[in-house]
Enquirer: 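Shown below is the structure under consideration.
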Amino acid sequence: MPGIPTQTTEVQDFNTLGNNIFNQGKYREAIVEYNRALGIIVFGSKLIVDFAPNDPLILWNRSAAYVLLGNYRTHYS
């Protein structure tokens, strides 16, 4: 499936891109990159996880973006 990272460097690249976008205040776009780093793909409203999203740093980054968007409940997911 395209867009799902398969190697550690790809995961780091998506996380770094997410961080750069986050620092520009583009939190929704950053969440997309963090999801890619975690191997999460969203089709419409359906969430598809290709592998366990368990990297605590990326999960923290994504949570921060959700909180800054005022979405306090989603960051727990």
Side-chain angles (χ1 to χ4, degrees):
M1 183 177 278
I4 297 176
T6 55
Q7 298 181 13
T8 304
T9 55
E10 289 178 283
V11 170
Q12 291 170 349
D13 289 346
F14 283 128
N15 186 51
T16 299
L17 180 58
N19 290 342
N20 292 337
I21 294 169
F22 180 97
N23 290 331
Q24 296 172 21
K26 299 177 183 177
Y27 306 120
R28 290 186 203 287
E29 293 88 346
I31 290 168
V32 171
E33 298 308 322
Y34 295 139
N35 283 342
R36 286 182 179 163
L38 294 167
I40 298 172
I41 305 297
V42 178
F43 290 102
S45 61
K46 186 174 181 179
L47 181 67
I48 298 171
V49 179
D50 189 58
F51 57 85
N54 58 4
D55 185 300
L57 178 61
I58 299 170
L59 290 170
W60 173 264
N61 292 342
R62 187 180 65 173
S63 293
Y66 277 124
V67 167
L68 288 170
L69 287 170
N71 195 341
Y72 303 108
R73 293 185 183 230
T74 304
H75 77 279
Y76 287 112
S77 318

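Along the sequence shown, residues carry numbers from 1. Note that these values count all heavy atoms, side chains included, but never hydrogens, waters or copies made by symmetry.
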Enquirer: Ignoring hydrogens, what is the shortest heavy-atom contact between Ile58 and Ala37? Give both atom names and the distance.
Expert: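 Where Ile58 meets Ala37 most closely, the heavy atoms are CD1-CB, 3.7 Å.
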
Enquirer: Side chains of residues 26-33: which donor-acceptor partners sit under 3.5 Å, not counting sequence neighbours?
Expert:
| unit_1 | atom_1 | unit_2 | atom_2 | d |
| --- | --- | --- | --- | --- |
| Lys26 | NZ | Gln24 | OE1 | 3.3 |
| Glu33 | OE2 | Arg36 | NH1 | 3.2 |

Enquirer: My understanding is that a hydrophobic cluster links ILVMFWY residues whose side chain heavy atoms are under 4.5 Å apart, including indirect links. Using that, what else belongs to the cluster containing Ile21?
Expert: Leu17

Enquirer: List in chain and number order the residues that pass side chain to side chain contact (heavy atoms under 4.5 Å, CB included) with Asn61, two or more places apart in sequence or in another chain; answer none if no residue qualifies.
Expert: Asn15, Asn19, Tyr34, Leu57

